[in-house]
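Below you'll find the structure, written out as structure tokens, and then a few comments.
Side-chain atoms are counted along with the backbone in the values below, which use heavy atoms only and exclude waters and symmetry mates. As the structure is a computational prediction, the values presented were derived from the model and not from experiment.
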Protein chains: 2
Amino acid sequence: MDGMPRWNAYSQDCPTRLVLDRVADKWTVLVLGLLGDGPVRFNQLRRAVEGLSQKVLSQTLRRLERDGLVSRTAFPTVPVTVEYTLTPLGRTLATAVDALRAWAEDHIEAVLDAQRAYDARTAGGNPGQR
Amino acid sequence: MDGMPRWNAYSQDCPTRLVLDRVADKWTVLVLGLLGDGPVRFNQLRRAVEGLSQKVLSQTLRRLERDGLVSRTAFPTVPVTVEYTLTPLGRTLATAVDALRAWAEDHIEAVLDAQRAYDARTAGGNPGQR
DNA sequence: CAGTATCCTTTATGATACTG
DNA sequence: CAGTATCATAAAGGATACTG
């Protein structure tokens, strides 16, 4: 009961890592958040997330689809329309991810304050640091 | 009430993005998880997370400290001992992050199944793909 | 509209060596 | 032990052009 540390090692192939490596990603979190409200089309997503290029969005969506979190439906209109929706599995994740977004909104001020305090403490000669 | 889409734009300087960009990160999530159980030393963290180099750990910890999520305490032993602990603010985030880790553990199998199914569907000529 | 393919730049990370 | 500094390399991302 003493040789065994309580901080488990996160080995690279443990389940948590396997999923977390994919899911704990900036774009994934944002996209999942947007899909939480219902089906959204590709270009709606791209426009909704500033700084997200179509290349990266495309990669993000394909990964989410592969992971079974999002489903892709193409409608045979001209030009084609494609909707992305959360799967039931994806909805359960979106809930957890939503907690993260809620935390961000609730604590943004505290974080910014901490950053300013840290920078003031730290920087003798590098103020206003990025 | 119709010109206004319900999918808010995540502008690059909106509060959510500002915090999420830092927090929705693989290493951050793992480190926060380990710190949730109590104070941990630098090299304990490094050893606990396979694949995490001291350089990246150092960066991650400094960022967490700057954000006011983690506090760093150096003990004047020889050689020096440094403990990292969650701040009260960090503890609130660790809770949300813990939901993510719990989700990963609960749904890893479903995700892996989805991946296998996707690859089988997709791959005509690229089986066993990474 | 919803992508894929390519090239090229920027960023992140890994290895190594060194300090208090 | 707990880091920082530096350099080389790999990975991610942006711009552009093109397709069904």
Side-chain angles (χ1 to χ4, degrees), chain A residues 5 7 10 12 17 21-31 34-35 39-66 70-85 118 122-126 129-130, chain B residues 5 7 10 12 17 21-31 34-35 39-66 70-85 118 122-126 129-130:
Chain A
W7 347 272
Y10 284 113
Q12 281 173 310
R17 279 289 292 277
D21 287 0
R22 295 162 193 271
V23 141
D25 162 74
K26 183 171 68 169
W27 303 122
T28 297
V29 169
L30 292 171
V31 167
L34 288 165
L35 291 179
V40 187
R41 283 181 296 103
F42 186 87
N43 279 321
Q44 283 179 336
L45 283 170
R46 192 172 54 69
R47 276 188 298 265
V49 184
E50 194 181 341
L52 175 57
S53 69
Q54 93 266 42
K55 178 183 168 179
V56 171
L57 174 57
S58 169
Q59 291 171 345
T60 302
L61 286 171
R62 253 184 294 117
R63 198 169 33 204
L64 286 171
E65 195 191 351
R66 185 170 108 99
V70 158
S71 70
R72 176 185 181 280
T73 313
F75 299 94
T77 53
V78 180
V80 66
T81 301
V82 178
E83 269 187 7
Y84 290 89
T85 324
Y118 181 95
T122 299
N126 50 335
Q129 126 183 13
R130 191 274 185 259
Chain B
W7 346 272
Y10 283 113
Q12 281 174 308
R17 278 290 292 277
D21 287 0
R22 296 162 192 271
V23 142
D25 161 76
K26 184 171 69 168
W27 303 122
T28 297
V29 169
L30 292 170
V31 167
L34 288 164
L35 292 178
V40 187
R41 284 181 296 102
F42 185 88
N43 279 320
Q44 283 180 334
L45 283 171
R46 192 172 55 70
R47 277 189 297 266
V49 184
E50 195 180 339
L52 175 55
S53 69
Q54 93 267 41
K55 178 182 169 179
V56 171
L57 174 57
S58 168
Q59 291 170 346
T60 302
L61 286 171
R62 253 184 295 118
R63 197 168 34 202
L64 286 171
E65 197 193 349
R66 186 169 108 100
V70 159
S71 69
R72 177 186 180 281
T73 313
F75 298 95
T77 54
V78 181
V80 65
T81 301
V82 177
E83 270 187 7
Y84 290 89
T85 324
Y118 181 96
T122 299
N126 50 336
Q129 124 184 14
R130 196 265 188 279

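Distance from the side chain of A/Arg62 is smallest to C/dT4 among D/dC1, C/dG14, C/dT4. Ranking C/dA2, C/dT13, C/dG20 by closeness to the A/Thr81 side chain, first place goes to C/dA2. Listed nucleotides D/dA2, C/dG3, C/dG14 differ in distance to A/Val82; the shortest reach to its side chain belongs to C/dG3. Nearest to the side chain of A/Arg41, among D/dG13, D/dA2, C/dC1, sits C/dC1. Nearest nucleotide to the side chain of A/Pro79, out of C/dG14, D/dC1, C/dC1: C/dC1.
Between A/Val80 and A/Phe75, the shortest heavy-atom distance links the atoms CG2-O, 3.4 Å. Residues A/Pro39 and A/Glu83 approach most closely at CB-OE1, 3.3 Å, considering heavy atoms. Considering all non-hydrogen atoms of both residues, B/Leu52 and B/Arg46 come closest at O-CG, 3.4 Å.
Nucleic acid contact class of A/Tyr84 (heavy atoms, under 4.0 Å, all strands): sugar-phosphate only. Residue contacts for A/Val80: at a heavy-atom cut-off of 4.0 Å it reaches a base atom on one of the strands shown.
Atom CG in A/Leu52 sits roughly 10 Å away from atom P in D/dG13 (whole-Å rounding). One interatomic measurement links the two molecules: CG of B/Leu64 to C1' of D/dG3, which rounds to 16 Å at whole-angstrom precision. Atom-to-atom, CG of A/Asn43 to P of C/dA2 comes out at 5 Å; the value is rounded to the nearest Å. When rounded to the nearest whole Å, the span between CG of B/Leu45 and C1' of D/dC1 equals 13 Å. Between B/Leu57 atom CG and D/dA2 atom P there is a gap of 10 Å when expressed in whole angstrom units. Here C/dT4 presents its C1' atom at 14 Å from CG of A/Leu61, a figure rounded to the nearest Å. Taking atom CZ on A/Arg22 and atom P on D/dA12, their separation rounds to 11 Å, with Å as the unit. Going from atom CD of A/Gln59 over to atom P of C/dG3 covers 13 Å, rounded to whole Å.
Of the candidates A/Thr73, A/Val40, A/Leu35, A/Tyr84 forms a side chain to side chain contact (heavy atoms under 4.5 Å, CB included) with just one, namely A/Leu35.
Base pairing analysis places C/dC7 opposite D/dG14; the two distances defining the Watson-Crick or G-U wobble pair are each below 3.5 Å. Base pairing annotation: D/dG20 forms a Watson-Crick or G-U wobble pair with C/dC1, both donor-acceptor distances under 3.5 Å.
Each of A/Gln54 and B/Ser58 lies near DNA chain D, and the nucleotide nearest B/Ser58 is the one positioned closer to the 5' end. Annotation: of the two residues near DNA chain C, A/Lys55 and A/Arg72, the 5′-most nearest-nucleotide partner is A/Arg72.
Remark: A/Thr28 OG1 to A/Lys26 NZ distance equals 11.0 Å, nearest 0.5 Å.
For A/Ser53, no side-chain nitrogen or oxygen approaches OP1 or OP2 of D/dG13 to under 4.0 Å.
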